[in-house]
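Bear in mind that the values here come from a model prediction, so they are computed numbers and not experimental data.
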Amino acid sequence: MSVYNVIDAVTTVSGIPLALAGFGVTFWQARGAKRAAEQARDAAESTREKLIRSSLISLIHHLAKTEEELDQAVRDGEAGVAISWINTWKWQANQAKGLIKASNNGEQKVLRALQTSIVAAGEAKNTLISNPSDLVSDTASVRAAIVKVTGEIGHMVASLGFEIGDQG
């Protein structure tokens, strides 16, 4: 047997375990990378949910302030100010609606109340611009819809506050 044949036999025999070891290391690293990617995805989703919840918690204060300011404008007989607060309500209600939908929260009751208030706000604004008669009656339906939303969303946001505290 020549030296060449001996070296060839040794490299053939020793190469197989090294190739298997290399394959094992590659497989182990791939599993680790998959776990890391899953953990990163879960962390990103958790952060997204926390941001949505925090935004909703913050938004409830703006909705309540808008309700208060609209009521004050109606009491003062200020149609122009009322229109401005109605427009603010529509914008904030649409924001809340988008956040609730993005949170996958499933709060259909709140979403319906928000949509009803948005439609009522548009109708009240159109009435106040085109054919106003009495500010109190012209805004009654939107103010009632707003009261319903602030009640419903207040309950939902309170429970979201507890969920934020429960998550690590």
- Message: Could you go through Arg143 and Val136, starting from their C-alpha distance and side-chain angles, then the distance that decides it, and tell me whether this counts as side chain to side chain contact (heavy atoms under 4.5 Å, CB included)?
- Response: CA-CA 9 Å; Arg143 288 183 294 113; Val136 173; 3.6 Å; yes
- Of all heavy-atom pairs between Leu59 and Gln95, which one has the smallest distance, and what is that distance? CD1-OE1, 3.7 Å
- Could you tell me whether Arg41 and Glu38 have a side-chain N and a carboxylate O separated by less than 4.0 Å? no
- Could you walk me through whether Trp85 and Asp71 pass the side chain to side chain contact (heavy atoms under 4.5 Å, CB included) test, one step at a time? CA-CA 9 Å; Trp85 284 111; Asp71 288 343; over 6 Å; no
- Message: For a side chain to side chain contact (heavy atoms under 4.5 Å, CB included) check, start with the C-alpha distance between Gln72 and Glu78, then their side-chain angles and the critical distance, and finish with the verdict.
- Response: CA-CA 9 Å; Gln72 186 62 47; Glu78 296 285 339; over 6 Å; no
- Rounded to the nearest 0.5 Å, how far does CD1 of Ile153 lie from CD1 of Ile146? 12.5 Å
- What is the distance from atom CD1 of Ile86 to atom OG1 of Thr139, rounded to the nearest 0.5 Å? 6.5 Å
- Starting at CD of Glu49, measure out to OG of Ser54 and round the result to the nearest 0.5 Å. 11.0 Å
- Task: Ignoring hydrogens and angles, state whether a donor on the side chain of Gln92 or Thr66 is under 3.5 Å from an acceptor on the partner side chain.
- Result: yes
- Sidechain-backbone polar pair: Arg48 side chain, Ala102 backbone, donor-acceptor under 3.5 Å: yes
- Message: Please say yes or no: joined through hydrophobic side-chain contacts below 4.5 Å, possibly via intermediate residues, are Ile118 and Ile100 part of one cluster?
- Response: no
- Query: Where do Ser130 and Asn126 come nearest, in terms of heavy atoms and distance?
  - Reply: OG-O, 2.7 Å
- Return yes when atom NZ of Lys125 has more than 12 non-hydrogen atoms of other residues, nucleotides or ligands closer than 6.0 Å, and no otherwise. no
- Can you see which heavy atom on Gly122 is nearest to which on Lys90, and at what distance? N-CD, 3.8 Å
- Task: Taking all non-hydrogen atoms of both residues into account, name the closest pair between Ser117 and Ala93 and its distance.
- Result: OG-CB, 4.2 Å
- Message: Tell me every residue that passes salt bridge (Lys or Arg N to Asp or Glu O under 4.0 Å) with Arg75, counting only those two or more places apart in sequence or in another chain.
- Response: none
- Note on the structure: Closest non-hydrogen atoms of Ala96 and Leu56, given as atom of the first, atom of the second and distance, are O-CD2, 4.0 Å
- Task: Measure the spacing between OG1 of Thr127 and CG of Leu135 and express it to the nearest 0.5 Å.
- Result: 11.0 Å
- Message: Quick check against the 3.5 Å criterion: does Ser55 have a side-chain atom that pairs as donor or acceptor with the backbone of Leu51?
- Response: yes
- Report yes if some heavy atom in the side chain of Glu123 is under 4.5 Å from a heavy atom in the side chain of Val142; otherwise report no. no
- Task: I would like to know whether Thr116 and Lys148 meet side chain to side chain contact (heavy atoms under 4.5 Å, CB included); could you show each step before the answer?
- Result: CA-CA 10 Å; Thr116 299; Lys148 184 173 182 180; over 6 Å; no
- Message: Let me confirm one number: the CG-CD1 distance from Asp138 to Ile129, rounded to the nearest 0.5 Å.
- Response: 12.0 Å
- Note on the structure: Distance col, row Leu99:CG vs Ile57:CD1, nearest 0.5 angstrom, shows 11.5 Å
